[in-house]
Each structure stands twice: as C-alpha cells, then as structure tokens.
Amino acid sequence: RKVAIDASMCLYQFLIAVRSEGAQLTSVDGETTSHLMGTFYRTIRLVEQGIKPAYVFDGKPPDLKGGELAKRAERRDEAQKLLQAAEEADIVYLLGNAEDVEKFNRRLVKVTKTHAEEAKQLLQLMGIPFIDAPCEAEAQCAALVKAGKVYATATEDMDALTFGCNVLLRRLTFSEAKKMPIQEFHFDKVLEGLELNHNEFIDLCIMLGCDYTNSIKGVGPKRAIELIKTHRSLEKIIENLDTKKFPIPKDWNYKQARLLFQEPEIIDPETIDLKWTEPDEEGLVKYLCGDKQFNEERVRNGAKKLHKARNTSTQGRLDTFFKVLSSPNPLKRK
DNA sequence: ACTCTGGCTCAAGACGCT
DNA sequence: TTAATTGAGCCAGAGT
DNA sequence: AGCGTCC
C-alpha cells in the first residue's frame, strides 16, 4: 500500500530526536547523520510492513507564510540570539547543566538544503521514490492522494486535511505504534461528522489559526465551529460578528489564505510516476559506510530487508494493524 | 459554577542486547 | 539571509 | 520493557 510522507517534517524530527548525549550523530568530518539514520531505518521498517512510502520534499513557502514567519523570526532573533549569547556565557561560567544546553540546541534545529539532498541520495539508493513539491509538501501529498497515486498521507499534521487529503494516517511509525494505535482519518467522514463542506472546513481552519494568517482573539475551537455552522463562510461571519468582543485582525488576508488551501501550488500528480525499485546494496554501503561510518553489517542487513520485502510484496494489508477511525471530531486542535 | 481561551512547558527515533 | 514544528497536557484567568 | 548505543 502506497503512502505519501512529508519528508521535511521527518528530517526535522530526526534532527531533534536522534542524539547521543545531547549532540547529533555525526560523520568523521563532523557532519550530521541523524537524519540519514532516521530515514534509513524508519523506511526499512515501513517497507517491511508492506508499505510503499513516497517522500515529498518542501519547496518554497508561500509568500503569505513569509509574512507570518517574519514575526516568529523577530521573536527568535530578539529572544534567542540574545539567549544564545547568554547561554553560551552560562556554559563558560557554569560548565552548563546539560539539560539547558540540550534544550537550547534543539531550538536551533533547522532542516537545511543539504540535509534534504542527503536524504534524497539515500532514498535513491534505497529504491524509494521522492518528489520535490514546488511549495508546501502537505499540499502535494494531498494532491497525490486525491489523484489516487497513493492511498494516504502519513503525517501528524492535521493541516493535510485542510488541503483536501482524503485519507490521513497518524502514528504510522511502528515503534510508537506499540504504545499508540494507528489512526486513519477519512476526510469525507470528518466533513460529514462536522456537517461542513470543504470550503467551510477551510474557513474553519483559518479561524483556528493556520500558518498563513492571524486568528480572531477570543475565538477558539468551540466558537469557531459555532460560527461556521451558523454563517457558513468567513464573509458572513465577519458581517455578523460582534467585533467589540471579537476584533478581526488588522489587514486580515483570509481570502488569500483560503486560496492557498483551495488552489495550492502543486505539480500535477498525473505527471508523477512513482517507482519503487531494487535497493543498491553496494551503493548504500559506499554512501553510508564511508565518512558517515555506519555499521556495514547493519547497512547490508537493511538492504537485504528492503530486497526481501520488495519481493514478497502484496503481503501486508495495513488493515490488520489498525482500525479505521473515521473520527467524527478530530478538532482537538489548537 | 461553568465554559472557553490562551499561555505555558515539554518532548520529539530506532536498534539490539539483557 | 537560504531556516523559521506541532501537539498535548496543564492551569490560570476572563467571560457568562 | 529497560537501557546503552547508533555516528
């Protein structure tokens, strides 16, 4: 069963989580390898379960997002760059407590172009397809699902639904699944449960706070649902809202935000041909066991697992692993 | 009292041996 | 300058 | 399941 995955999100998590004594794993020349470690083993695990993953990489963020992100940047630049200096000083003075240093390091994690390129090279050698999205990966994933190129998007990010992703899988990573069951959301069932159509759902998500705009102060999940059910569109809501109690954000460009959800910049899925091919064992060994110092035995073992799973295909039906939770109300969000 | 929002903090992977 | 998370859980405080 | 280790 084919599944689309937001690669940048995965890389980010690996960079944060795959650490030893607070520091990322590295090659001989000090280059980070945490993202490769995570991608390699997680992908093998997925393939062994009969899943065919297709990774989707982010392109440029939409302009509108840039505006919002600038605010976060300010916060960071002010607080964190100064904190950086302060904490570095602390380290010098106090030979810092490791926890602070760790926390600090995690906040500065970024997924760079290089990380992405390295991951792509690894996926190539593993025989796993990937796509460069022109813009938001989640939007491209949703398009792949809609076009039937993959069965679902595997993500923790509920915004995938806003892009109209029909099927969304949460907690697909199986080590975590030991603790928590895999959840499968069907967008049409969610809409049914909320008694909304897609456009109304988009307006709802904008109110709840998306990456593209501010949200209305005082309006959280409860009131937002109430409002959209009563008025069915942001235009009508704005007309009827008591703006003394609930002020509309200044220069609120909800229309543009809406458009980014309705017509995101994507590659036409029909032009995309996803191919899962044989892993290149020697290539993997060469790439991972050179400077990057991966254990050769483990890498070869991984390559063989990929090979084996590939040739025993049509095995794993995901259904055996989880129940379909077409949860009528996933809005525990923000 | 109750509901709701929003601000805060935290944690975040996978393998293999025991 | 080339990167800018997220979701969950807990709790204070405002509003009704 | 817990824990040290992966690089």
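Letters go in sequence order (proteins before strands), and every chain restarts at 1. Model, not experiment: these values are computed from the prediction.
Using a 4.0 Å heavy-atom distance criterion, A/T26 is classed as a base contact. Backbone-only engagement by A/E156 is indicated by non-hydrogen atom pairs under 4.0 Å involving sugar-phosphate atoms exclusively. Base contact: A/R19 has a heavy atom under 4.0 Å from a base atom.
A salt bridge between A/E282 and A/R300 is present, with a side-chain N of the basic residue lying under 4.0 Å from a carboxylate O of the acidic one.
The nearest whole Å value for the distance from the CD atom in A/E138 to the C1' atom in C/dG7 is 14 Å. In this entry the distance linking CZ of A/F40 with P of B/dG16 reads 11 Å, nearest Å. Regarding A/K110, its NZ atom lies at a distance of 23 Å from the P atom of B/dA12, rounded to whole Å. The CZ atom of A/F57 sits 17 Å away from the C1' atom of C/dT2 (whole-angstrom rounding). With rounding to whole Å, A/E136 atom CD is found 12 Å from C/dT5 atom P. Distance, A/F185 CZ to C/dG7 P: 11 Å, rounded to whole Å. Separating the CZ atom of A/R107 from the P atom of B/dC10 is a distance of 10 Å, rounded to the nearest angstrom. Per the geometry, CZ belonging to A/R171 stands 10 Å off C1' belonging to C/dG7, to the nearest Å.
You'll find the side chain of A/L284 stays beyond 4.5 Å of the side chain of A/E281, heavy atoms only. Counting heavy atoms from C-beta outward, A/M37 and A/F14 have side chains that stay 4.5 Å or more apart. In this structure, the side chains of A/Y55 and A/K120 stay at 4.5 Å or more apart for every pair of heavy atoms. Contact check for A/L274 versus A/K52: no side-chain heavy atoms found under the 4.5 Å cut-off. Counting heavy atoms from C-beta outward, A/L122 and A/L288 have side chains that approach closer than 4.5 Å. Between A/L172 and A/I51 the shortest side-chain heavy-atom distance falls below 4.5 Å. Within the 4.5 Å cutoff, the side chain of A/I131 has heavy atoms near those of the A/L144 side chain.
Comparing the P positions of B/dC17 and D/dC7 gives an interatomic distance of 14 Å, to the nearest angstrom. Comparing D/dT5 with B/dT9, their P atoms sit 33 Å apart, to the nearest whole Å.
The stretch residues 27-38 of chain A touches DNA chain D through A/T33, A/M37, each having a heavy atom within less than 4.0 Å of the strand.
Side-chain N/O atoms of A/R42 include none lying less than 4.0 angstrom from OP1 or OP2 on B/dG13.
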Legend entry - Reading 5' to 3' through nucleotides 11-16 of chain C, protein heavy-atom contacts under 4.0 Å coded B for base, S for sugar-phosphate only, - for none: -----S

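With values rounded to the nearest 0.5 angstrom, A/D6 atom CG is found 9.0 Å from A/Q13 atom CD. Taking CZ of A/R258 as the start and SG of A/C210 as the end, the distance is 11.5 Å to the nearest 0.5 Å. Here A/D157 contributes atom CG and A/E138 contributes atom CD; the two are 4.5 Å apart, rounded to the nearest 0.5 Å. A/L196 contributes atom CG, which lies 8.0 Å from atom CZ of A/F201 (distance to the nearest 0.5 angstrom).
When each of C/dA4, B/dA14, C/dA8 is scored by its nearest atom to the side-chain atoms of A/R170, the top-ranked nucleotide is C/dA8. Distance from the side chain of A/D157 is smallest for C/dG7 among the nucleotides B/dA14, C/dA3, C/dG7.
When the nearest nucleotides of DNA chain B are assigned to A/K305 and A/I16 by heavy-atom distance, the more 5′-ward of the two goes with A/I16. Mapping A/I216 and A/Q13 onto DNA chain B by nearest heavy atom places A/I216 at the nucleotide closer to the 5' end.
Mapping heavy-atom proximity under 4.0 Å, the span of DNA chain D touched by chain A runs 5' to 3' from D/dC6 to D/dC7.
By the 30° and 60° cut-offs, the orientation of the rings of A/F40 relative to A/F294 is perpendicular.
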